[in-house]
Amino acid sequence: MSKESPRVLHFFKTYYPDSFGGIEQAIFQLCKGSARHGYTSEVLALSPNAHSAPIEFSGHLVHQAQLNIQIASTGLSWSAFRKFSALAKQADIIHLHYPWPFMDVVHFATMHGKPTVVTYHSDIVRQKTLLKLYRPLKNRFLASVDRIVATSPNYLATSPVLNCYRDKVVEITYGLDKSSYPAPAPELLANWRAKLGDKFFLFVGVLRYYKGLHILLDALQGTDYPVVIVGSGPVEAELKEHAARLGLRNLHFLGQLPDTDKVALLTLCYGVVFPSHLRSEAFGISLLEGAMYGKPMISSEIGTGTTYINIANETGLVVPPSDPVALRQAMTYLWEHPEKAAEMGARAEERYWKHFTAEQMVKSYVDLYDDLVKHRTGGGR
């Protein structure tokens, strides 16, 4: 192992340039931040149009294996075995991102023998039948790794799976680097303000089943609250049809936008609404972005990191999941109490700086990497 630059290999099913959701953002922040602590990071992901050569992305290399087939949200790739094995030989730490059953298979098939960290991003929630088949492999996989990272104390407390491995679980929350977000130009802010007005609620994220956006649409029925939805995804057409059936006014589906526009909308919005109703939403990176920009938040209590970011009646309001009436009441309260909303937004930003910066996350992971390397080699880096 090189003393100058220990190497970390991240393995996840998707990454830049194909996808850049919350988990990808966390991997990116880790790659970028750990470089300042002397680590070299590389990422291996699957792609339907895999590049044969590595892609350089903001100081780290992205390797792609050809995606061959997708079964129940699990991508499979025959070339991933060979690519992972070759990259693992050069790595000092393997960092895997759960859940992804194919990853477990690759982990065992390649017999890489390297210290292994697993970030436990979510329980498996939707695929109940397949979970029964997967459970023996999952248990063997989690038992085999050196450390498992829970992304919030809330998720650790409520996950029956994580509680089976308490002796190897550490808590490290996600973190964001505000300085890495682009500052929107005044003209861009003025342009969006002219289109959307001075006061609107904002949702940002991939439009997936567990995001609870159908609940938000139900909550909006009969109201005039302006709501902006940024993002695209599998349920987009279904949501637009639902909005049309409800006859919603003042609802804006903007699709996927560049980061500059997203930041402009985060800067301008009145509050962030995040109605995810299932435990598949283990944390909520875009909810954290709202806190980072000092916005009051509305989220649901689902026993995950969303309520670690958003503290009820302190940084925003927390409602029961799948309850459009409660969600509408929360929006009404914030809308009609601007001073309270501003106070909550200020406390949200304070909480971001105290608990959720990228540097705090990175330092915790680097300490974990250092500990694993030290124990494996019997000494320091």
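When the ring pair (Phe, Tyr, Trp, His ring centres under 6.0 Å) test is applied to F141, the partners found at least two apart in sequence or on another chain are H107. By the ring pair (Phe, Tyr, Trp, His ring centres under 6.0 Å) test, H60 is found to be paired with Y15, F57, residues two or more places apart in sequence or in another chain being considered. Here N49 pairs with nothing under the side-chain hydrogen bond (donor to acceptor under 3.5 Å, both in side chains) rule; sequence neighbours left out. For R208, the side-chain hydrogen bond (donor to acceptor under 3.5 Å, both in side chains) criterion is met by no residue, not counting sequence neighbours. Among residues two or more places apart in sequence or in another chain, the side-chain hydrogen bond (donor to acceptor under 3.5 Å, both in side chains) test is passed with K89 by none. In terms of the ring pair (Phe, Tyr, Trp, His ring centres under 6.0 Å) criterion, residue partners of F356 (sequence neighbours excluded) are, by chain and number, Y308. Scanning for side-chain hydrogen bond (donor to acceptor under 3.5 Å, both in side chains) contacts around S85 gives an empty result, with sequence neighbours left out.
Residues Q64 and L46 are not in side-chain contact: their nearest non-hydrogen atoms beyond the backbone lie 4.5 Å or more apart. By the 4.5 Å heavy-atom criterion applied to side chains, T151 and T119 are counted as neighbours. In this structure, V8 and E42 have side chains that are not in contact, with every pair of non-hydrogen atoms separated by 4.5 Å or more.
Ring-plane geometry between H97 and H95 is classed as parallel, the angle between the planes falling under 30 degrees on a 0 to 90 degree scale with a further cut at 60.
Note on R249 versus D224: salt bridge recorded, some NZ/NE/NH1/NH2 to OD/OE distance being below 4.0 Å. At a threshold of 4.0 Å, the pair R36-E359 counts as salt-bridged, since one of the basic side-chain nitrogens sits closer than that to a carboxylate oxygen. Checked for salt-bridge contact, K138 and D104 miss the test: no charged N lies under 4.0 Å from a carboxylate O. With respect to R279 and D123, a salt bridge is recorded, a charged nitrogen being found less than 4.0 Å from a carboxylate O.
Between Y369 and H37, a ring centre-to-centre spacing not shorter than 6.0 Å is recorded.
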Show me the side-chain donor-acceptor pairs of residues 211-223 shorter than 3.5 Å, one per line, residues at least two apart or across chains.
| residue | atom | partner | partner atom | Å |
| --- | --- | --- | --- | --- |
| K211 | NZ | E281 | OE1 | 2.6 |
| D218 | OD1 | H242 | NE2 | 2.8 |
| T223 | OG1 | L220 | O | 2.8 |

Could you pull out every donor-acceptor pair under 3.5 Å between side chains of residues 331-345 and any protein atom, sequence neighbours left out?
| residue | atom | partner | partner atom | Å |
| --- | --- | --- | --- | --- |
| T332 | OG1 | Y225 | OH | 2.7 |
| T332 | OG1 | R328 | O | 2.9 |
| H337 | ND1 | Y333 | O | 2.8 |

Side chains of residues 253-263: which donor-acceptor pairs under 3.5 Å do they make with residues two or more places apart or in other chains?
| residue | atom | partner | partner atom | Å |
| --- | --- | --- | --- | --- |
| Q256 | OE1 | S232 | OG | 3.2 |
| D261 | OD1 | W192 | NE1 | 2.8 |
| K262 | NZ | E289 | OE1 | 3.4 |
| K262 | NZ | E289 | OE2 | 3.0 |

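Residues S280 and S122 bring no donor and acceptor atom of their side chains to less than 3.5 Å of each other. Side chains of Y39 and D370: a donor-acceptor N/O pair is present below 3.5 angstrom, by distance only. S19 and E24 form a side-chain donor-acceptor contact under 3.5 Å, judged by distance and modelled atom types alone. Side-chain contact, S299 with N310: a donor N or O sits under 3.5 Å from an acceptor N or O.
Applying the ring pair (Phe, Tyr, Trp, His ring centres under 6.0 Å) test to pairs two or more places apart or on separate chains, those with a residue in residues 161-185 are H121-Y174, Y174-F283. Pairs engaging residues 152-178 under the salt bridge (charged side-chain N to carboxylate O under 4.0 Å, His left out) rule: K178-E349 [sequence neighbours left out].
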